[in-house]
Q: 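Following this message is one structure expressed as structure tokens.
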Amino acid sequence: NAGVTQTPKFRILKIGQSMTLQCTQDMNHNYMYWYRQDPGMGLKLIYYSVGAGITDKGEVPNGYNVSRSTTEDFPLRLELAAPSQTSVYFCASTDPDRAPNTEAFFGQGTRLTVV
Amino acid sequence: KQEVTQIPAALSVPEGENLVLNCSFTDSAIYNLQWFRQDPGKGLTSLLLIQSSQREQTSGRLNASLDKSSGRSTLYIAASQPGDSATYLCAVQYNDMRFGAGTRLTVKP
């Protein structure tokens, strides 16, 4: 049971480059999330999705885009990378409608550095 | 606006003490609340999940309570050990899922 898988684990980008962070889950969860965590800080919500074809902005969406074409995948796109996007990115999935099995599962994180 | 606050931001205790970490949230229409542990440079480890209809959950030396009407949850750690040193995060589940900033716990031998 793989859970939530994020790729890549590490990446260095140059300013202005673009990239896609991949996230896939095999638990058939409807809800998926992207967070960023800056050093010494908590997790800030970037985007989330409550089902295939549905996405919504979180607290810090600027500079990012997402899509949710399937239940399993929720990629995060960075366009025109900036140093302020240097952070650790976490993807998560859950399904709060399946009580009591509503635990949220997290990927291992992607450490991104923009230089 | 849904806000999640954790108090204290940092806590240092001698080994063996019992301690309480606090989490408060502004919108009580939650699905559930989950406590996580994060070690430096690592990912999140789930500790306890409390459904909105529950009052508490226990796992070993950990006990989490939930008072949804007042927007509060506490994580109680009994007989703390140096291995408990980590950052503890609470996450409140709505359609989105919001985190507090965490409590950084240090347990001194």
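All of these numbers come straight from a predicted model, not from anything done at the bench. The chains referred to below are lettered A, B, ... by the order of the sequence lines, with proteins before strands, and numbering in each begins at 1. Heavy atoms only: backbone and side chains are in, while hydrogens, waters and symmetry mates are out.
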Q: On a heavy-atom basis, which atom in A:Phe90 and which in B:Gln38 lie closest, and how many Å separate them?
A: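 Taking A:Phe90 first and B:Gln38 second, the nearest heavy atoms are CZ-NE2, 3.9 Å.
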
Q: Look at atom CD1 of A:Ile15 and say whether more than 12 heavy atoms of other residues, nucleotides or ligands are closer to it than 6.0 Å.
A: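 Yes, CD1 of A:Ile15 has more than 12 neighbouring heavy atoms, counting only those of other groups under 6.0 Å.
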
Q: Are more than 12 heavy atoms from other residues, nucleotides or ligands located less than 6.0 Å from atom CZ of B:Arg55?
A: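 Count not over threshold, so no.
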
Q: May I ask whether A:Tyr33 and A:Tyr64 are part of the same hydrophobic cluster, defined by side-chain heavy atoms of I, L, V, M, F, W, Y residues being less than 4.5 angstrom apart, directly or through others?
A: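 Different hydrophobic clusters.
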
Q: Please flag which part of B:Asn32 lies under 4.5 Å from any non-hydrogen atom of chain A: side chain, backbone, both or neither.
A: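 Just its side chain gets close to chain A.
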
Q: Is there a side-chain contact between B:Asp96 and A:Asp56, using heavy atoms and a 4.5 Å cut-off?
A: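 With C-beta onward as the side chain, the pair stays apart.
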
Q: Heavy-atom cut-off 4.5 Å, strictly under: side chain, backbone, both or neither for A:Phe105 against chain B?
A: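 Nothing of A:Phe105, per the 4.5 Å heavy-atom cut-off to chain B.
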
Q: Please flag which part of A:Leu45 lies under 4.5 Å from any non-hydrogen atom of chain B: side chain, backbone, both or neither.
A: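 Contact with chain B is through the side chain of A:Leu45 alone.
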
Q: Looking only at non-hydrogen atoms, find the nearest pair between B:Met97 and A:Phe106 and report the distance.
A: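 Smallest interatomic distance, heavy atoms only, reads CE-CZ, 4.0 Å.
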
Q: Indicate if B:Ile50 and B:Leu47 have the same hydrophobic cluster label, given that clusters are the connected sets of ILVMFWY residues with side-chain heavy-atom separations under 4.5 angstrom.
A: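 Yes; B:Leu47 is reachable from B:Ile50 via cluster members.
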
Q: Determine whether A:Val60 and A:Trp34 fall in the same hydrophobic cluster, where Ile, Leu, Val, Met, Phe, Trp and Tyr are linked whenever their side-chain heavy atoms lie under 4.5 Å apart.
A: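 Same hydrophobic cluster.
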
Q: Distance from A:Gln37 atom CD to B:Thr87 atom OG1, nearest 0.5 Å?
A: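 If we round to the nearest 0.5 Å, A:Gln37:CD and B:Thr87:OG1 are 8.0 Å apart.
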
Q: Going only through I, L, V, M, F, W and Y residues with side-chain contacts under 4.5 Å, is there a path from B:Val4 to B:Ile30?
A: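 Yes, same cluster.
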
Q: Only one of A:Thr102, A:Asp95, A:Asp97 passes side chain to side chain contact (heavy atoms under 4.5 Å, CB included) with B:Tyr31; say which it is.
A: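 Running side chain to side chain contact (heavy atoms under 4.5 Å, CB included) over A:Thr102, A:Asp95, A:Asp97 with B:Tyr31 returns exactly one hit, A:Asp97.
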
Q: Kindly say whether A:Ala104 contributes a backbone atom to a donor-acceptor pair with the side chain of B:Gln34 at under 3.5 angstrom?
A: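 Yes; judged by distance alone, with no hydrogens or angles, the pair exists.
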
Q: Please answer: with hydrophobic residues joined when any side-chain heavy atoms are less than 4.5 Å apart, are B:Leu49 and B:Leu62 in the same cluster?
A: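 No, because B:Leu49 and B:Leu62 fall into different hydrophobic clusters, even though each may have its own neighbours under 4.5 Å.
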
Q: With rounding to the nearest 0.5 angstrom, report the CG to CD distance, B:Leu48 to A:Glu103.
A: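 Those atoms lie 10.0 Å apart.
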
Q: Do B:Gln93 and A:Thr94 have side-chain heavy atoms sitting under 4.5 Å apart?
A: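 Yes, side chains in contact.
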
Q: Which answer fits B:Tyr94, side chain, backbone, both or neither, if we ask what part of it has an atom under 4.5 Å from a heavy atom of chain A?
A: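 Backbone of B:Tyr94 only, per the 4.5 Å heavy-atom cut-off to chain A.
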
Q: Distance from B:Arg98 atom CZ to A:Tyr48 atom OH, nearest 0.5 Å?
A: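 Nearest 0.5 Å value for the CZ-OH distance: 7.5 Å.
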
